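One structure below.
Along the sequence shown, residues carry numbers from 1. Fair warning: this is a prediction, and the values are worked out from it, not measured in the lab.
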Amino acid sequence: MPDLTPDRVAMGLTYYVVLLFSLSVHESAHGWMALRMGDDTAARQGRITLNPLSHIDPVGTVLIPLLQMFWGGVPLLGWAKPTPVGAQNFRKLARGHILVAGAGPASNLLLAVLFTVGLFFGLRSGARESQPVMHLLNTGVYMNIVLALFNLVPLPPLDGSWVASWGLPREVAARYDRVVEPYGQWILLALFATGVLGWLLSPLVNVLSTFFFRLAL
């Protein structure tokens with residue numbers, strides 16, 4: 001049965017609001033960087049926007065987070081509709097792929113910094129007396145660290161796979177592509193389902209989140 005107690009609903013909604021905002025920034029960053037690289041596909045389709053309605057994926061942005069929210073967890077896992085990119089329009093193909101793919105995780109790290117700044121000032125003002133505000137800021141820091149690191153995993157369809165594919169030396173990249181293109185999604189699913197992915201990412205998440213939270217104190 002779903003947990004619909006007021007505290008759980010309030011906490012879940014806070015996570016969900018931060019998730020929607022963070023995913024919108026992430027996808028907009030892809031589109032913005034693509035535009036800088038010479039491709040206006042995302043811009044023409046209205047995807048460089050913070051309006052979450054433009055980025056919603058029915059499963060990844062609605063169903064999965066809501067199930068996590070009300071069935072005993074928090075919506076840390078979620079994804080948006082992929083930003084359309086016409087790589088053939090990039091002025092420099094490899095550079096374009098790397099920067100456009102990396103812009104998403106970079107935007108989440110930037111958001112983590114901005115939420116940390118907000119937390120720093122919140123702890124030194126009247127906002128510290130407002131539990132919802134402090135919860136929102138803490139959530140913003142932690143969730144964006146998780147999103148950044150998760151998306152940097154070099155397995156498709158995550159951004160890290162594009163960075164690796166176009167950033168590695170061509171011979172190494174060709175061998176990498178032969179493995180990850182047909183099997184990468186299944187490897188990612190297996191790592192997630194078995195908890196190995198969480199085990200691998202947790203130390204990095206803990207180090208970065210501890211660093212950011214200490215900066216705010």
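Considering all non-hydrogen atoms of both residues, V62 and Y16 come closest at CA-OH, 3.8 Å. Shortest non-hydrogen contact noted between M37 and V100 is CG-CG2, 4.2 Å. Residues N151 and L158 come closest through the heavy atom pair O-CB, 3.7 Å. Counting all heavy atoms, side chain and backbone alike, L201 lies closest to F150 at CD1-CA, 4.0 Å. Annotation for A101 and V163: closest pair CB-CG2, 3.9 Å, computed over non-hydrogen atoms. For P157 against L188, the heavy-atom pair with the smallest separation is CD-CD2, 4.1 Å.
Looking only at side-chain heavy atoms (C-beta outward), S22 and N108 come within less than 4.5 Å of each other. In this structure, L152 and D159 have side chains that are not in contact, with every pair of non-hydrogen atoms separated by 4.5 Å or more. The closest side-chain heavy-atom distance from K81 to I56 is not below 4.5 Å. Using a 4.5 Å cut-off on side-chain heavy atoms (C-beta onward), V18 and L136 make contact.
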Next on the checklist: Evaluate F115 against T139 for side chain to side chain contact (heavy atoms under 4.5 Å, CB included), listing each step before the verdict.
Outcome noted: CA-CA 9 Å; F115 276 111; T139 300; over 6 Å; no
Next on the checklist: Quick one, V141 with S209, criterion side chain to side chain contact (heavy atoms under 4.5 Å, CB included). Give me CA distance, side-chain angles, the key distance, then yes/no.
Outcome noted: CA-CA 7 Å; V141 175; S209 59; 5.5 Å; no
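More than 12 heavy atoms of other residues, nucleotides or ligands sit less than 6.0 Å from atom CD of Q88. Other residues, nucleotides and ligands place more than 12 heavy atoms under 6.0 Å from the CZ atom of R170.
Both L99 and I48 belong to a single network of hydrophobic side chains, linked directly or stepwise wherever heavy atoms of I, L, V, M, F, W or Y lie under 4.5 Å apart. Taken together through direct or relayed side-chain contacts under 4.5 Å among Ile, Leu, Val, Met, Phe, Trp and Tyr, Y176 and L191 form part of one hydrophobic cluster. Note on L119: it does not cluster hydrophobically with V207, by side-chain heavy-atom contacts below 4.5 Å among ILVMFWY residues. V113 is connected to L204 through a chain of hydrophobic side-chain contacts under 4.5 Å among Ile, Leu, Val, Met, Phe, Trp and Tyr, so both are in one cluster. Residues L197 and L189 fall into different hydrophobic clusters, defined by Ile, Leu, Val, Met, Phe, Trp and Tyr side chains chained together at heavy-atom separations under 4.5 Å.
Here the straight-line distance linking atom CZ of F21 with atom NE2 of H55 works out to 11.0 Å at 0.5 Å rounding. Rounded to the nearest 0.5 angstrom, Q131 CD and N138 CG are separated by 10.5 Å. Going from atom CD1 of I98 over to atom CH2 of W162 covers 12.0 Å, rounded to the nearest 0.5 Å. The structure places CE of M134 at 7.5 Å from CZ of R128, a figure rounded to the nearest 0.5 Å. Expressed to the nearest 0.5 Å, how far CH2 of W186 lies from CG of L155 amounts to 14.0 Å. In this structure, CZ in F213 is found 10.5 Å from CG in N206, a value given to the nearest 0.5 Å.
Listed for the T83 side chain is no donor-acceptor partner under 3.5 Å among the backbone atoms of H30. Distance alone, capped at 3.5 Å, places no donor-acceptor pair between the R36 side chain and the W32 backbone. Looking only at distances, no side-chain donor or acceptor of D40 sits under 3.5 Å from a matching main-chain atom of A43. A donor-acceptor contact shorter than 3.5 Å is absent between the side chain of Q185 and the backbone of P156. Under a 3.5 Å cut-off, the side chain of R47 and the backbone N or O of S54 do form a donor-acceptor pair. At distances below 3.5 Å, not a single donor-acceptor pair connects side-chain atoms of Y142 with backbone N or O atoms of A112. In this structure, the side chain of S107 engages the main chain of G104 through a donor-acceptor pair within 3.5 Å. Side chain of T49 to backbone of G46: no donor-acceptor contact under 3.5 angstrom is found. At distances below 3.5 Å, not a single donor-acceptor pair connects side-chain atoms of S161 with backbone N or O atoms of P154. The backbone N or O of L35 lies less than 3.5 Å from no partner atom in the side chain of D39, so there is not a single donor-acceptor pair.
Between W166 and H97, the ring-plane angle classifies as parallel under the 30° and 60° cut-offs. Classified by interplanar angle (parallel below 30°, tilted 30° to 60°, perpendicular above 60°), the ring pair Y15/H135 is perpendicular.
In summary, the side chains of H26 and N144 do not present any donor paired with an acceptor at a separation below 3.5 Å, with no hydrogens or angles considered.
Of the residues T116, V25, I145, the one that meets the side chain to side chain contact (heavy atoms under 4.5 Å, CB included) test with L111 is V25.
Cation-pi check for R124 over F120 is met; the charged atom lies under 6.0 angstrom from the ring centroid and within 45 degrees of its normal.
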